[in-house]
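One structure below.
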Number of protein chains: 2
Amino acid sequence: MARRSDHSRDELKEMILKASWDIVEKDGFIGLTARRIAKDIGYAPGTIYNIFKSMDDLCVEINGMTLDKLHDVLSKSDCYSPKKSPVQNMKRMAQLYREFAREYRAHWLMLFTHALPEGQKAPAWYQEKIARLFESLEGLLEPFYTARQLPKRKMAARALWAAVHGICLLEETGKIPAIDDQESPPDMTGYLIENFIAGIKKKT
Amino acid sequence: MARRSDHSRDELKEMILKASWDIVEKDGFIGLTARRIAKDIGYAPGTIYNIFKSMDDLCVEINGMTLDKLHDVLSKSDCYSPKKSPVQNMKRMAQLYREFAREYRAHWLMLFTHALPEGQKAPAWYQEKIARLFESLEGLLEPFYTARQLPKRKMAARALWAAVHGICLLEETGKIPAIDDQESPPDMTGYLIENFIAGIKKKT
DNA sequence: ATAGTAATTGAACAGTGTTCAATATTTATA
DNA sequence: TATAAATATTGAACACTGTTCAATTACTAT
């Protein structure tokens with residue numbers, strides 16, 4: 001039996017999260033089981049339930065880590081350059097999103113594969129992490145809207161983000177049919193962004 | 001024991017598919033288990049494995065039915081009207097897609113929740129069902145591209161389809177943060193389509 | 001040294017997909 | 001018609017899953 005004072009509650013939580021992250025990385029969401037985590041950290045399965053309410057609870061936490069990592073990548077990068085046009089910056093952001101999806105494929109997929117039981121909602125802090133991501137795109141859309149048009153700008157950010165995401169998702173899960181000429185997804189997101197923004201500019 | 005000649009192989013397959021469809025409708029993808037299906041059709045769990053290779057195999061078949069139903073809805077509807085503009089038709093198509101996602105929520109979600117085991121690919125007939133859906137949108141994009149630009153048109157169709165899908169998905173799974181002013185997703189897809197097409201028109 | 005508290009355990013429960021020897025039923029043959 | 005061969009159906013068994021909780025162990029305060 002692991003000694004009670006081997007690790008504090010916080011340490012234990014850290015260990016479980018770290019182990020879970022690594023398991024998802026290696027074997028995907030499907031490989032993440034309570035017994036496997038327990039084995040990896042050298043504790044019994046029951047211990048996990050002392051720290052987390054349920055496996056769903058743990059999954060939400062892991063997803064939170066993934067959202068943090070994604071936010072890190074997007075905020076510490078070169079997609080807010082004032083020397084480049086907003087469209088260039090947006091394209092770059094889409095590219096970074098795509099690269100993230102590839103590099104952290106299993107974690108990224110888990111973000112959308114894992115669903116809370118019917119009727120249960122993600123906690124507020126989780127929602128906020130998502131909102132924070134959208135805001136980065138809202139910023140880049142600023143030049144195209146007046147201050148009075150903030151809701152519209154927010155909508156545009158959501159639409160564009162979801163669109164880029166949809167392209168990445170369908171492509172990454174093989175649910176988009178290939179074109180003979182094989183246009184790659186970066187081109188698709190780029191094409192979408194270019195024309196969407198061109199359309200917005202045209203109106204004003 | 002069910003008598004061997006109670007139902008033919010084909011009848012049995014039909015029964016299993018029908019029962020599965022209904023289970024997904026009632027209890028979602030999560031409720032679809034071999035034992036549950038067996039109980040519903042009055043056979044033993046093993047029987048399902050005489051007809052289908054695995055539960056994954058069965059799931060792909062169910063997804064095929066969903067794709068068929070979606071194709072039916074889109075093809076037998078009013079989104080190809082020559083009296084309306086292509087943009088209007090496209091917006092209508094997006095709206096129909098969204099309505100389908102709501103009406104057959106569980107089946108539609110299963111389309112993206114269910115993933116084949118790592119490395120396994122969906123059968124060719126399945127890929128073709130997807131390709132067929134994209135073609136309906138390709139048709140609507142025809143006025144904006146010359147014959148030489150077919151690959152580009154195909155890419156535009158894929159990008160737009162995936163984009164609309166992404167918006168529906170993030171919204172339907174609660175993974176898109178609400179805007180204070182609460183713009184609804186039909187507006188989002190409409191806004192996206194409008195501007196994307198406006199952008200394309202501008203270039204030519 | 002003892003009593004009380006808290007962490008840890010792992011067996012148990014009700015599920016899951018899947019397999020496969022045994023059984024029941026039908027068909028073909030003698 | 002009686003028997004043999006072939007096929008459909010079964011359900012127990014296996015190795016899993018998330019989750020619970022009484023029992024055990026370890027630590028703390030008295």
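Protein chains get the first letters and strands the later ones, always in sequence-line order, with residue 1 at the start of each.
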Problem - Criterion side chain to side chain donor-acceptor pair (under 3.5 Å) on N63(A) and H107(A), from CA distance to verdict - result: CA-CA 7 Å; N63(A) 281 345; H107(A) 299 103; over 6 Å; no
Practice task
Have a look at L32(A) and say if it touches a base, only the backbone sugar-phosphate, or nothing, with a 4.0 Å heavy-atom cut-off.
Solution key: sugar-phosphate
Problem - dA7(C) OP1/OP2 closer than 4.0 Å to side-chain N/O of T47(A) - result: no
Exercise for the section: Classify the nucleic acid contact of L12(B) as base, sugar-phosphate or nothing, counting any heavy atom under 4.0 Å across all strands shown. Expected result: sugar-phosphate
Kindly give the atom pairs (protein nitrogen or oxygen, nucleotide nitrogen or oxygen) under 3.5 Å for nucleotides 18-20 of chain C.
{"from": "dT18(C)", "atom 1": "OP2", "to": "Y49(B)", "atom 2": "OH", "distance (Å)": "2.5"}
{"from": "dT18(C)", "atom 1": "OP2", "to": "M55(B)", "atom 2": "N", "distance (Å)": "2.8"}
{"from": "dT18(C)", "atom 1": "O5'", "to": "Y49(B)", "atom 2": "OH", "distance (Å)": "3.3"}
{"from": "dT18(C)", "atom 1": "O4", "to": "R35(B)", "atom 2": "NH2", "distance (Å)": "3.4"}

Practice task
Test side chain to side chain contact (heavy atoms under 4.5 Å, CB included) on K69(B) and F100(B) and set out the steps.
Solution key: CA-CA 9 Å; K69(B) 199 140 206 157; F100(B) 181 88; 3.9 Å; yes
Exercise for the section: Consider the side chain of Y43(A), meaning its heavy atoms from C-beta on, and name the nucleotide among dT10(D), dT16(C), dT8(C) that approaches it most closely. Expected result: dT8(C)
Problem - Spacing of T113(A) atom OG1 and W108(A) atom CH2 [to the nearest 0.5 Å] - result: 9.0 Å
Practice task
Can you tell me the distance, in whole Å, between the CZ atom of R9(B) and the C1' atom of dT9(D)?
Solution key: 12 Å
Exercise for the section: Using a 4.0 Å heavy-atom cut-off across all strands, classify T33(A) as base, sugar-phosphate, or nothing. Expected result: sugar-phosphate
Exercise for the section: Answer with base, sugar-phosphate or nothing: what part of the nucleic acid does I37(B) contact at a heavy-atom distance below 4.0 Å? Expected result: nothing
Fill in the blank from the handout: For V24(B) and M110(B), the nearest pair of non-hydrogen atoms, with its separation, is CG2-SD, 3.9 Å
Completion exercise
When every non-hydrogen atom of A106(B) is compared with those of G28(B), the smallest separation belongs to CB-CA, 4.1 Å
Practice task
Would you check if the distance from the ring center of F112(A) to the ring center of H165(A) is below 6.0 Å?
Solution key: yes
Completion exercise
Distance col, row L141(A):CG vs R158(A):CZ, nearest 0.5 angstrom, shows 11.0 Å
Handout entry: Main-chain N/O of A34(A) paired with K39(A) side-chain donor or acceptor, under 3.5 Å
Key = no
Completion exercise
When the rotation axes relating C1' atoms of four end pairs to the next four are compared across the helix from dA1(C)-dT30(D) to dA30(C)-dT1(D), five pairs an end, they differ to 10° by 30°
Handout entry: Separation of atom NE2 in H7(B) from atom P in dT25(C), rounded to whole Å
Key = 16 Å
